[in-house]
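Notes for the one structure printed next.
All chains are named by letter (A, B, ...) in the order of the sequence lines, taking the proteins before the strands, and each is independently numbered beginning at 1.
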There are 2 protein chains.
Amino acid sequence: MSHDLIAAVRRFNRTVTQRVGALDDEYMARGRPLAQARLLWEIGPGGAEVAALRGRLGLDSGYLSRLLRALENDGLVTVGPADGTGDGRVRTAALTPAGRTEWAELDRRSDEFAWSILEPLAAPHRQRLVAAMAEVERLLVASMVVIAPCPPSDPRARTCLRAYARDVARRFDDGFDPALSNPVRDDELVPPAGVFLLATLNAEPVGCGAVKLHPDAPAEIKRVWVADSVRGLGIGRRMLDELERYAAERGWDTVRLDTNRTLTEAIAMYRAAGYREIEPYNTERYADHWFEKRLVP
Amino acid sequence: MSHDLIAAVRRFNRTVTQRVGALDDEYMARGRPLAQARLLWEIGPGGAEVAALRGRLGLDSGYLSRLLRALENDGLVTVGPADGTGDGRVRTAALTPAGRTEWAELDRRSDEFAWSILEPLAAPHRQRLVAAMAEVERLLVASMVVIAPCPPSDPRARTCLRAYARDVARRFDDGFDPALSNPVRDDELVPPAGVFLLATLNAEPVGCGAVKLHPDAPAEIKRVWVADSVRGLGIGRRMLDELERYAAERGWDTVRLDTNRTLTEAIAMYRAAGYREIEPYNTERYADHWFEKRLVP
DNA sequence: GCCGATACCTGACTAAAGTCAGCTACATGA
DNA sequence: TCATGTAGCTGACTTTAGTCAGGTATCGGC
């Protein structure tokens, strides 16, 4: 079936990922252990908290500590108490002047390596390469988005819901006042009453959606939102599919939702996903269209 | 100037190359040291000569030997004398039945990983991703082609010249008999009389071109050929540029060449490169068009 | 002011990766 | 046939990467 697609991805992984990746590492390292070079790079001219570095590089706490000591001994980095947080345990790493010089050198070499890829190509081929790279990057990002249940009280869920409110307030003709809209309580989006799904990219929240499982009534989809940074990549559609699946698996055979006339892409997506417009089933202040879909079990 | 191009390449290197590369390695390794897994994979069901493996993987001779011993101890590989070559020193590695099973498992996991990238995407996005990956791959391949002088007696040069003769014999309306064509002796393509340039991709020959530096006459470009596998990527144009540069640096201010009417892409390339058609300057049996270009020093 | 959690650190360890010198057996050309 | 070179192998070694089990200081809640 899609075996030629798979073959293409594998060829890409081998020739591009392996070869370019290895070369990039070589350029980065310049005599120093690669882990140290990466850490130095990640600290950056602005410095960084140790916990953040651990997260970004995915390193063991002890290992990171040792790497920081090594860079300190080389006079490239100083580790001291964090100034921003009131937490005395948190420490930040910052570059010394020598470290900043080294960082700039890494930056320069990274530019040089990128240029060594572009340089042999004629201008039109360069443009095509960069465009294709951007496309691959965007679509790989899309494929790395993970959708999973999350309590609506979670700070990442809160972030999404705030972003949702901000976005619709900007889009709706008459703004958006949550007090005038039909309320949705947290406990309605927690199993078994419903579920809140969070879309994350490298643990950063980039989208959400929820479904209320009304007893003796169709399930109701709410709060579908996707961050600008990953829009146009099918994340909304995946979210919708997951919400429908959740409802279907628990025995509901119909989902419905309401939406505002200004959300034209969303409306197009609902139609494309098999929703058909129905009569109003609620008195939502901001709703202009109501949709329904029969779920196949 | 092209700093946004460079930035795009760097972003690609970071997000795609690093992340996908690391994941691919993880999938490949499955408990075994990565170097062993890669070696096992590279040997393949058909087996491979030890020297070839060393070249492909870029490993130290001693290190490779040790890796082979480890795989042999695990019962996955047997190393024995080569059968093809008459050289008793050369040895080949081959997979045992257990090794073949393991290889198939690696193959399966590689498919699985590729699919894990495609799976979250909707069909149209999958198509776009694969197309963009293919484009990146092709253009990166183009950028990895190296053009350098090479004696025309080198076996790689011979390979190219044979391929050139084969290609034109297929294209020309009345075939191609080297005996009827104006001869080009090897010593005419060796400095200071001229030069032969070879284009290689990972040490494999993929193109060639030559220039004769006639005393008291324009330099003459001959034998420009590019392998099918890398056609359409600007390699021919780069070859032409290099040949012109070679002549210009040695004091020639004009280059010329002859070509056959069936080689339409080549003719288009010459025109695009600033060549203009001139009267015949020789009696080459297979030439229909003659071109000339003034070189700017 | 105490208790359990948290952020970071240290010491002790292992496995993997890679380097280098020297060895043996075979090849090649004078 | 003899010198020189080459393919692959072995032993001895270093560096890098990474893990794990404690430690110490601090925090936040009671």
Which pairs would a plain distance check flag for residues 61-79 of chain A, meaning a side-chain donor or acceptor within less than 3.5 Å of a matching protein atom at least two apart in sequence or in another chain?
| unit_1 | atom_1 | unit_2 | atom_2 | d |
| --- | --- | --- | --- | --- |
| A/Arg69 | NE | A/Glu72 | OE1 | 2.9 |
| A/Glu72 | OE2 | A/Val79 | N | 3.1 |

| field | Listed partners of B/Arg19 passing side chain to side chain contact (heavy atoms under 4.5 Å, CB included), at least two apart | value |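 For B/Arg19, the residues satisfying side chain to side chain contact (heavy atoms under 4.5 Å, CB included) (neighbours in sequence not counted) are A/Met144, A/Asn202.
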| task | Please identify each residue that fulfils salt bridge (charged side-chain N to carboxylate O under 4.0 Å, His left out) with B/Glu42, with sequence neighbours left out. | result |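 Residues passing salt bridge (charged side-chain N to carboxylate O under 4.0 Å, His left out) with B/Glu42: B/Arg56.
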| message | Under the rule for salt bridge (charged side-chain N to carboxylate O under 4.0 Å, His left out), what residues qualify as partners of A/Arg156, not counting sequence neighbours? | response |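 Here the qualifying residues are A/Asp154.
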| According to the side chain to side chain donor-acceptor pair (under 3.5 Å) rule, which pairs have a member within residues 90-100 of chain A, sequence neighbours left out? |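 The answer is none; no pair qualifies.
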| Can you name the side-chain hydrogen bond (donor to acceptor under 3.5 Å, both in side chains) partners of B/Ser143, sequence neighbours left out? |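 Checked B/Ser143 against side-chain hydrogen bond (donor to acceptor under 3.5 Å, both in side chains); zero matches.
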| query | Looking at residues at least two apart in the chain, or sitting in another chain, which of them share a ring-ring contact (aromatic ring centres under 6.0 Å, His included) with B/Tyr246? | reply |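 ring-ring contact (aromatic ring centres under 6.0 Å, His included) list for B/Tyr246, sorted by chain: empty.
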| Quick one: ring-ring contact (aromatic ring centres under 6.0 Å, His included) partners of A/Tyr164, sequence neighbours excluded? |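 Checked A/Tyr164 against ring-ring contact (aromatic ring centres under 6.0 Å, His included); zero matches.
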| ring-ring contact (aromatic ring centres under 6.0 Å, His included) contacts in which one or both residues fall within residues 35-56 of chain A, not counting sequence neighbours |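 Passing the test, one end in residues 35-56 of chain A: A/Trp41-A/Trp103.
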| task | Could you run through nucleotides 14-21 of chain C and give me one letter per nucleotide, 5' to 3': B if any protein heavy atom sits under 4.0 Å from the base, S if only the sugar-phosphate is that close, - if neither? | result | --SSBBB-
| query | Reading nucleotides 24-30 of chain C 5' to 3', which nucleotides get B (base under 4.0 Å from a protein heavy atom), which S (sugar-phosphate only), which -? | reply | --BS---
| request: Send over the distance from A/Arg91 CZ to C/dC9 C1', rounded to a whole Å. | output: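 From A/Arg91 CZ to C/dC9 C1': 8 Å.
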| message | With heavy atoms of chain B within less than 4.0 Å as the criterion, where does contact along DNA chain D begin and end? | response |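 Using the under 4.0 Å cut-off, the span is D/dG5 to D/dA12.
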